[in-house]
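Proteins get letters first, then strands, A, B, ... in listed order; numbering begins at 1 in each. Note that the coordinates shown come from a computational prediction; the quantities given were computed from them, not determined experimentally.
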There are 2 protein chains.
Amino acid sequence: MKVTKKNSVVVVDDHSLFARSLANLINSFSNFEVLFQAKNGVEMQEKLQAHDVLPEIILLDINMPVMDGFETAEWLAQNHPEIKVLALSMEDEEQTILKMLRKGVNGYLLKDIHPELLNKALVELQEKGYYHSEKVAETLLHSLNPTEDEKNLEFKENELTFIKLACSEMTYKEIADVMDLSPKTIDGYRQDLFRRLNIKNRVGLVIFALKNNLTQL
Amino acid sequence: MKVTKKNSVVVVDDHSLFARSLANLINSFSNFEVLFQAKNGVEMQEKLQAHDVLPEIILLDINMPVMDGFETAEWLAQNHPEIKVLALSMEDEEQTILKMLRKGVNGYLLKDIHPELLNKALVELQEKGYYHSEKVAETLLHSLNPTEDEKNLEFKENELTFIKLACSEMTYKEIADVMDLSPKTIDGYRQDLFRRLNIKNRVGLVIFALKNNLTQL
DNA sequence: CGCGTAAAAAGGATTTTACCTAATTTTTAA
DNA sequence: TTAAAAATTAGGTAAAATCCTTTTTACGCG
């Protein structure tokens with residue numbers, strides 16, 4: 001029997017049933033094994049320190065309590081750039097994917113992937129240094145060629161603050177007070193955003209913000 | 001070797017990696033086996049018809065395309081009341097849980113359950129006819145003793161329609177036109193809801209609707 | 001300094017929301 | 001059939017939101 005060192009993988013996901021099943025699946029592969037599991041970024045950090053060896057690959061869920069995938073990916077990129085990170089998520093929201101990619105993850109996998117493809121994904125990630133499922137590839141292409149509606153989707157700090165506050169029950173006057181600006185300035189932000197985002201009223205802005213993860217409920 | 005007929009289980013979940021892992025886990029149990037899997041309610045209906053035998057238990061995801069868990073549970077309760085349905089979901093939102101329970105499911109399991117508990121859950125479901133994870137039990141207790149804020153959380157058909165339309169860019173006048181009611185009636189709905197839900201403006205209503213899954217983005 | 005540019009602010013008008021109370025119609029139940 | 005309850009509609013008013021245009025301010029730069 002040929003004995004080859006298996007590549008070690010870490011699974012970070014707060015859904016223990018899923019994480020466990022995933023770990024079992026990976027351990028059934030001849031070329032990969034699970035080093036450990038963690039429920040969130042903090043637990044992962046602790047376990048990474050406690051272990052002598054580092055994993056080659058980290059499978060990282062996005063929606064987690066305590067320290068979510070975005071923060072964890074950022075920390076990994078800064079502290080362990082050699083570890084390949086594969087983001088694992090239910091969501092195929094364009095903004096979410098792009099946000100993770102900007103954090104420096106090496107791949108993005110939707111959780112509805114076929115089990116057979118997981119091995120392929122891990123191998124490709126190891127060999128090529130990246131792997132993206134098809135939907136993600138589409139999203140990337142799409143983001144390179146944004147439609148008219150989706151241009152001007154970058155916001156200045158103040159705009160972003162305004163948008164987030166507009167997603168609350170505050171009146172514009174109250175928002176102006178909090179941001180220490182004139183109500184007329186706030187009205188300027190509002191008007192400009194309505195035009196750029198092609199929306200008709202504040203509800204439209206709230207919907208836009210939620211769809212694009214600019215704020216959360 | 002003692003040969004006992006295994007109880008058959010069907011897994012309905014659009015996340016194939018999760019569904020597959022779940023199926024593997026169940027097949028590893030000595031007392032349960034997976035009859036088939038389906039990606040949504042429609043596919044489940046088709047496969048149920050195609051099979052001679054019916055499963056004892058159906059594990060049902062809530063968030064699915066085409067035909068979601070709510071619709072599927074409703075259909076199962078009407079057409080196959082003898083099959084025990086175990087709702088399986090990431091969410092522990094009180095409203096979601098209650099909605100599923102009202103559809104007649106026999107149990108509600110959060111996806112972050114420990115693998116060891118799944119077997120226990122299936123056995124209990126089979127023997128007692130129901131199983132609920134701890135968090136759900138808490139939710140049930142909580143719902144029996146609602147706080148002041150959470151009373152009056154049931155909506156009439158018209159109110160629900162209004163709420164959903166209010167979560168769009170339509171003005172109240174436009175909503176009145178669509179619903180074929182006087183703007184004054186719409187204003188009545190609005191006012192009543194603001195008071196009952198203790199919210200200040202339309203954004204508050206949108207947030208409430210989204211938090212309680214009355215509408216979706 | 002003066003110029004250009006972008007952010008901030010203002011003026012002023014209209015529409016939409018929001019709030020309160022009361023009247024009318026429809027539905028329900030006795 | 002009739003009284004009570006629920007749903008719908010009205011009237012009026014104040015506050016907030018929306019829209020358009022113009023002016024002021026802040027700041028870097030040749």
Side-chain angles (χ1 to χ4, degrees), chain A residues 146 148-212 214-217, chain B residues 102 146 148-212 214-215 217:
Chain A
E148 198 62 33
D149 290 345
E150 290 164 336
K151 288 178 183 170
N152 311 349
L153 236 59
E154 296 186 358
F155 305 102
K156 308 197 201 323
E157 199 58 34
N158 260 358
E159 276 182 326
L160 212 50
T161 306
F162 164 70
I163 292 174
K164 288 177 182 172
L165 293 174
C167 293
S168 75
E169 294 186 39
M170 294 169 82
T171 66
Y172 288 138
K173 178 168 184 336
E174 289 171 331
I175 293 175
D177 284 345
V178 168
M179 293 182 67
D180 198 27
L181 288 170
S182 157
K184 284 299 184 178
T185 304
I186 294 299
D187 188 55
Y189 290 172
R190 182 198 56 73
Q191 204 164 151
D192 193 44
L193 284 168
F194 279 22
R195 189 180 42 72
R196 279 162 58 197
L197 303 178
N198 192 33
I199 54 183
K200 291 181 168 56
N201 56 29
R202 193 167 160 181
V203 173
L205 185 60
V206 173
I207 293 171
F208 173 87
L210 288 168
K211 277 190 179 170
N212 292 85
L214 301 182
T215 188
Q216 52 193 22
L217 290 181
Chain B
R102 278 195 290 267
E148 200 60 35
D149 290 345
E150 290 163 338
K151 286 179 186 170
N152 311 352
L153 236 59
E154 296 187 357
F155 305 103
K156 311 200 198 324
E157 199 58 35
N158 261 357
E159 275 182 328
L160 212 51
T161 307
F162 163 70
I163 292 174
K164 287 177 182 172
L165 292 174
C167 293
S168 76
E169 295 185 38
M170 295 168 83
T171 66
Y172 290 138
K173 179 170 184 332
E174 290 171 329
I175 293 175
D177 285 344
V178 168
M179 293 183 67
D180 198 27
L181 288 169
S182 156
K184 285 298 182 178
T185 307
I186 295 300
D187 189 55
Y189 291 170
R190 183 199 56 73
Q191 203 165 152
D192 193 43
L193 284 168
F194 279 25
R195 190 181 41 72
R196 280 162 59 200
L197 304 177
N198 192 32
I199 54 182
K200 292 181 169 56
N201 57 28
R202 192 166 162 182
V203 172
L205 185 60
V206 172
I207 293 171
F208 173 86
L210 288 167
K211 277 189 180 171
N212 293 84
L214 302 182
T215 188
L217 289 182

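Geometrically, B:Arg202 engages B:Tyr172 in a cation-pi contact, judged by NZ or CZ lying under 6.0 Å from the ring centre and within 45° of the ring axis. Relative to the six-membered ring of A:Phe194, A:Arg196 misses at least one condition, a distance below 6.0 Å or an angle of at most 45° to the axis.
As a whole-Å value, the separation of B:Arg196 CZ from D:dA7 C1' is 13 Å. Protein atom CG of A:Asn201 is 16 Å distant from nucleotide atom C1' of C:dT14, rounded to whole Å. If you take CD of B:Glu159 and P of D:dA6, they are 13 Å apart, rounded to a whole angstrom. Note: CE (A:Met170) to C1' (D:dA15) measures 17 Å, nearest angstrom. Rounded to whole angstrom, the span from the CG atom of B:Asp192 across to the C1' atom of D:dA6 amounts to 11 Å. Rounded to whole angstrom, the span from the NZ atom of A:Lys200 across to the P atom of C:dT15 amounts to 17 Å. We find that CG of B:Leu193 is positioned 15 Å from C1' of D:dT8, with the value rounded to whole Å. When the P atom of D:dA26 is taken as reference, atom NZ of A:Lys156 falls 19 Å away, rounded to whole Å.
Distance alone, capped at 3.5 Å, places no donor-acceptor pair between the A:Thr185 side chain and the A:Leu181 backbone.
The nearest pair of heavy atoms linking B:Ile199 to B:Gly204 is CD1-C, 3.9 Å. Smallest separation of non-hydrogen atoms from B:Glu174 and B:Glu169: OE1-O, 4.3 Å.
Taking side-chain N and O atoms only, A:Asn158 has a distance below 4.0 Å to OP1 or OP2 of C:dA8. Contact annotation: A:Lys173 does not reach the phosphate of D:dA16 (side-chain N/O to OP1 or OP2, under 4.0 Å). Contact annotation: A:Tyr172 side-chain N/O to D:dT18 OP1/OP2 distance is under 4.0 Å.
Side chain of A:Phe194, nearest nucleotide from C:dA18, D:dA17, D:dC19: D:dC19.
Salt-bridge check for A:Asp187 with A:Lys184: failed, with every basic side-chain N at 4.0 Å or more from each acidic carboxylate O.
Rotation axes derived from the C1' atoms of the five outermost pairs at either end of the helix from C:dC1-D:dG30 to C:dA30-D:dT1 lie 30° apart, to the nearest 10°.
Near DNA chain D, defined here as any heavy-atom distance below 4.0 Å, the residues from residues 174-191 of chain B are B:Leu181, B:Ser182, B:Lys184, B:Thr185, B:Tyr189, listed numerically.
Expressed to the nearest 0.5 Å, how far CG of A:Leu217 lies from SG of A:Cys167 amounts to 9.0 Å.
Judged by distance alone, the side chains of A:Tyr189 and A:Asn158 do bring a donor and an acceptor atom under 3.5 Å apart.
Relative ring orientation between A:Phe155 and A:Phe208 is described as perpendicular, the plane-to-plane angle rising above 60° on a 0-90° scale split at 30° and 60°.
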